[in-house]
Amino acid sequence: MSNVTTVPERPIVATDTEPATDNELLVYRGFKFGAAFFGWLIAIAMGVLLSAAVSAVAALTAEILDYRRGDAAAQPAAAGITAATMAIVVMGVAFYSGGYVAGRLARFDGARNGFGVWMVALLVLVLAAGAGALLNSQYDWLSDVRRPDIALSTEAMTTGGVLATAAMLVVTLLTAVIGGKAGQRYHDKIDRLL
């Protein structure tokens with residue numbers, strides 16, 4: 001006969017929704033600029049790659065369907081809505097990727113670091129717009145830009161541009177935060193196992 005005693009398993013009682021962490025690990029929580037910056041770099045790279053892919057597919061589709069410039073000029077609102085929608089989708093996927101990278105790099109607080117990706121992008125956008133406005137005030141480059149003749153009123157184009165910009169800001173913010181949370185989940189799974 002064998003003298004083996006079995007120890008009954010203790011039931012696991014969940015007291016908190018998040019795994020318990022040591023006090024030493026609390027130092028690593030919070031916003032990490034490095035994670036947000038590299039997440040922003042990934043978001044920009046993904047934006048460029050996805051824009052190139054979408055442009056190639058659009059050009060191929062236009063060639064197959066024999067869609068010409070005259071067709072777009074006949075329905076400028078539809079062409080504008082399609083272009084704005086695809087730009088918003090592409091940037092949403094790109095910022096999800098950037099937020100995911102920031103969440104993985106930071107380990108904790110994925111949503112906060114995903115938001116950091118969006119804030120770095122917004123800061124760079126504001127700085128670039130300011131530099132462009134400063135250079136335009138000195139060299140007046142915008143007077144040399146020839147805008148194509150579009151059969152839409154300036155008011156309709158302004159309204160569409162404002163709506164597309166607002167949608168782009170909201171979608172990229174949400175996808176960056178969601179991507180950051182998704183990147184953090186990997187580390188949460190490991191913490192639960194340990």
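For this chain, numbers begin at 1 and follow the sequence in order. In this text, all values refer to a predicted model and were calculated from it rather than measured experimentally.
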Which atoms form the tightest heavy-atom contact between [X] and [Y], and what is the distance?
X: Val54; Y: Met86; value: CG1-CE, 4.0 Å
X: Tyr96; Y: Ala182; value: OH-CB, 3.4 Å
X: Ala36; Y: Gly116; value: CB-C, 3.6 Å
X: Gly47; Y: Ala94; value: N-CB, 3.5 Å
X: Ile88; Y: Ala164; value: CD1-O, 4.0 Å
X: Trp118; Y: Phe95; value: CA-CE2, 4.1 Å

Handout entry: side chain to side chain contact (heavy atoms under 4.5 Å, CB included) between Phe38 and Val117, worked out
Key = CA-CA 8 Å; Phe38 286 110; Val117 170; over 6 Å; no
Single-linkage hydrophobic cluster, 4.5 Å side-chain cutoff, [X] and [Y] together:
X: Val48; Y: Met168; answer: no
X: Met91; Y: Leu174; answer: no
X: Val57; Y: Leu49; answer: no
X: Val120; Y: Met46; answer: yes
X: Val170; Y: Leu123; answer: no

Problem - Val89 vs Leu50, side chain to side chain contact (heavy atoms under 4.5 Å, CB included): CA-CA, chis, key distance, verdict - result: CA-CA 10 Å; Val89 168; Leu50 291 173; over 6 Å; no
Which distance, rounded to the nearest 0.5 Å, do you find between the [atom1] of [X] and the [atom2] of [Y]?
X: Arg112; Y: Lys181; atom1: CZ; atom2: NZ; value: 10.5 Å
X: Leu122; Y: Trp40; atom1: CG; atom2: CH2; value: 12.0 Å
X: Phe37; Y: Leu105; atom1: CZ; atom2: CG; value: 12.0 Å
X: Asp66; Y: Thr61; atom1: CG; atom2: OG1; value: 13.0 Å
X: Met119; Y: Leu125; atom1: CE; atom2: CG; value: 11.5 Å

Look at the side chain of [X] and the backbone N and O of [Y], then say whether any donor-acceptor pair between them is shorter than 3.5 Å.
X: Thr175; Y: Thr172; answer: yes
X: Asn113; Y: Lys32; answer: yes
X: Ser137; Y: Leu134; answer: yes

Handout entry: Glu155 atom CD, over 12 foreign heavy atoms within 6.0 Å
Key = no
Exercise for the section: Would you check, one step at a time, whether the test side chain to side chain contact (heavy atoms under 4.5 Å, CB included) holds for Leu169 with Leu173? Expected result: CA-CA 6 Å; Leu169 288 173; Leu173 171 62; over 6 Å; no
Handout entry: Student check: side-chain heavy atoms of Tyr100 and Ile178 closer than 4.5 Å
Key = no
Practice task
Just say parallel, tilted or perpendicular for the rings of Phe31 and Phe33, cut-offs at 30° and 60°.
Solution key: perpendicular
